[in-house]
Amino acid sequence: MNYGKIVHILGILLQVEGFLMALPVLVAIIYGEKCWLHLGAVMAGAILVGTLLRLKKTKKEKIHAKEGFVITALSWLLLSFVGALPFWISGEIPNLINALFESASGFTTTGASILTDIEAMSHGLLFWRSLTHWIGGMGVLVFILAVLPSNADDMNIMKAESPGPSVEKMLPKVRQTAFVLYAIYLGLTVLNILLLMIFGMPVFDSFCISFGAAGTGGFGVRNDSIAGYSTSCQIIITIFMLLFGINFKLYFLIVFRKFKDILKCEEVLVYGIIYAVAVGFVVFGIVSDVGNFGTALKDGAFQVASVMTTTGYATADFNLWGTMPKFILVFVMFIGACAGSTGGGMKVSRIILWFKQIKSELSHFIHPRSVKKIRLEGKVVEQETLRTTNVFMMAYFLVFVVSFFLISFDGFDLESTFTAVAATQNNIGPGLGAVGPTGNYVAFSGLSKFVMIFDMIAGRLELFPMLILFAPSTWSKK
């Protein structure tokens with residue numbers, strides 16, 4: 001294990017996080033809020049400690065897969081802890097566990113909150129809270145690869161942090177790929193901000209809501225989430241949630257005019273079909289209660305987009321909907337968005353691969369001597385990818401069951417407990433029951449919050465980095 005390299009990259013991470021805090025510091029100063037002192041203190045401390053960690057020179061050695069996973073897991077734990085300090089030091093979230101929960105929920109783009117009155121928070125900390133979504137959406141280590149001339153330019157870091165069953169370089173160098181991805185990410189975010197401002201959303205709200213839509217997070221700045229904004233703004237947010245739930249490889253192909261390859265984007269097609277079918281069922285299930293097809297379509301399209309992309313914004317209290325539409329929301333909650341997007345969940349590509357494997361096995365039973373390769377988007381899927389995909393499923397449900405068991409000791413009803421685990425592990429935010437769109441997670445015990453913090457980070461990193469971090473063999477000298 002190259003401990004020097006790990007410490008060096010953690011130092012870079014702290015410096016980046018510190019410099020990014022300059023934005024909420026500026027917001028707090030503009031609004032004349034004292035929290036700029038708390039943000040500024042943490043900012044200075046992060047930059048100082050990060051600089052000290054980078055003092056020792058490290059050799060330019062290749063980062064192996066194990067080190068890539070360890071660096072990624074430690075980075076996200078450190079990122080969440082430092083991000084929690086402004087909330088705690090300022091006293092706006094006086095409980096450190098709650099502050100850590102809020103921070104981890106932000107960076108992992110989960111959007112699960114312990115706050116009971118969001119509008120009582122200062123603008124500076126609300127801005128930082130939403131900015132954590134944008135930082136975590138594409139990944140802070142990918143950001144480091146994109147903009148900093150460091151020795152961290154290695155594919156194993158990008159694979160460990162980027163969501164999906166497979167990650168590939170789209171340009172000859174990892175740094176070039178990361179830079180293009182972040183440029184697209186920033187461009188879409190700016191476009192979202194401008195459109196919301198044009199259609200009447202306040203400037204501060206436009207930035208915060210766009211950060212949440214871009215990172216598919218879900219932290220709002222109002223207690224009613226998105227319900228209080230105009231229909232036009234709600235439609236814009238719906239569109240951008242869906243856009244950020246698409247594999248960014250599609251945008252890469254558009255930018256570089258590889259239009260023939262766009263037709264091979266099978267995952268995006270299935271993503272669109274699942275979304276359309278889910279919206280149809282939800283609208284059918286709520287139209288009689290709403291009494292207006294237009295409202296049912298608007299709310300149904302918004303909520304399915306919000307849950308499927310694992311954003312977590314709400315325009316309606318879907319806790320009050322019937323069993324069928326709520327089932328559809330829970331169903332797409334597990335499916336999630338596309339691989340290579342900022343969304344969470346199990347990913348559409350994995351669902352496709354599992355169905356194709358089932359089809360292949362059934363065909364093999366009928367024709368035992370036949371040999372068929374599984375293809376995705378025109379390419380043969382390697383056996384290693386299929387194996388990893390199947391192991392992910394087993395690990396996913398193992399973590400889910402253990403988490404459910406531990407949280408069940410808090411005594412909440414089955415619906416609340418089940419969806420609390422599903423919403424945190426899939427990085428969605430709101431669930432059903434006590435953790436519905438009008439509820440929060442403040443009443444859970446400290447142990448349950450730690451379990452859900454683990455679930456949020458593990459879910460964002462596709463489980464393996466966190467599981468490897470806690471595996472004894474990772475740190476063994478043998």
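Fair warning: this is a prediction, and the values are worked out from it, not measured in the lab.
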Colleague: Can you name the nearest heavy-atom pair linking Arg350 to Thr389, along with the distance?
Modeller: CG-CG2, 3.9 Å
Colleague: Are the side chain of Thr424 and the backbone of Val421 linked by a donor-acceptor contact shorter than 3.5 Å?
Modeller: yes
Colleague: As a test of understanding, state which of Tyr313, Phe219, Trp128 forms a ring-ring contact (aromatic ring centres under 6.0 Å, His included) with His133.
Modeller: Phe219
Colleague: How about Met138 and Ile184: do any of their side-chain heavy atoms sit closer than 4.5 Å?
Modeller: no
Colleague: Taking atom types as modelled, find out whether Gln425 and Ser403 have a side-chain donor-acceptor pair closer than 3.5 angstrom.
Modeller: no
Colleague: Looking at side-chain heavy atoms only, is the closest gap between Leu196 and Ile237 below 4.5 Å?
Modeller: yes
Colleague: In Å and rounded to the nearest 0.5 Å, what is the OG1 to CD1 distance from Thr110 to Ile428?
Modeller: 9.0 Å
Colleague: Taking the six-membered ring for Trp and the single ring otherwise, decide whether the centroids of Phe418 and Phe400 are under 6.0 Å apart.
Modeller: yes
Colleague: Specify the closest pair of heavy atoms between Asn192 and Ala213, including all atoms of both residues, with the distance to one decimal.
Modeller: ND2-CB, 3.6 Å
Colleague: Please report the C-alpha distance between Lys347 and Glu462 in whole Å, then the side-chain angles of each, then the deciding distance to 0.1 Å, and finally whether the salt bridge (Lys or Arg N to Asp or Glu O under 4.0 Å) criterion is met.
Modeller: CA-CA 10 Å; Lys347 304 295 183 301; Glu462 306 279 88; 3.3 Å; yes
Colleague: Hydrogens and angles aside, do Thr385 and Thr388 bring a side-chain donor and acceptor to less than 3.5 Å of each other?
Modeller: no
Colleague: Report the C-alpha distance between Asn427 and Thr109 in whole Å, list the side-chain angles of each, state the deciding distance to 0.1 Å, and finish with yes or no for side-chain hydrogen bond (donor to acceptor under 3.5 Å, both in side chains).
Modeller: CA-CA 6 Å; Asn427 304 133; Thr109 72; 5.3 Å; no
Colleague: State which residues pass ring pair (Phe, Tyr, Trp, His ring centres under 6.0 Å) with Phe204; sequence neighbours excluded, sorted by chain then number.
Modeller: Tyr31, His123
Colleague: Would Phe127 and Phe211 count as a close aromatic pair, with their ring centres under 6.0 Å?
Modeller: yes
Colleague: Hey, does the side chain of Thr419 reach the backbone of Leu432 with a donor-acceptor pair shorter than 3.5 angstrom?
Modeller: yes
Colleague: Let me check something: any side-chain donor-acceptor pairs from residues 436-443 under 3.5 Å, sequence neighbours excluded? List them with distances.
Modeller:
{"residue": "Asn440", "atom": "OD1", "partner": "Val442", "partner atom": "N", "Å": "3.1"}
{"residue": "Tyr441", "atom": "OH", "partner": "Gly429", "partner atom": "O", "Å": "2.4"}

Colleague: Within a strict 4.5 Å, meaning less than it, do heavy atoms of the Leu78 and Leu10 side chains meet?
Modeller: yes
Colleague: Verify salt bridge (Lys or Arg N to Asp or Glu O under 4.0 Å) between Glu361 and Lys356, making sure each step is shown before the conclusion.
Modeller: CA-CA 9 Å; Glu361 285 301 312; Lys356 288 192 174 188; over 6 Å; no
Colleague: Cation-pi check for Phe87 against Arg129: NZ or CZ below 6.0 Å from the six-membered ring centre and within 45 degrees of the axis, yes or no?
Modeller: no
Colleague: May I ask you to decide if Gly137's main-chain N or O and Thr342's side chain share a donor-acceptor pair within less than 3.5 Å?
Modeller: no
Colleague: Could you grab the distance from atom OG of Ser341 to atom CG of Leu242, nearest 0.5 Å is fine?
Modeller: 11.0 Å
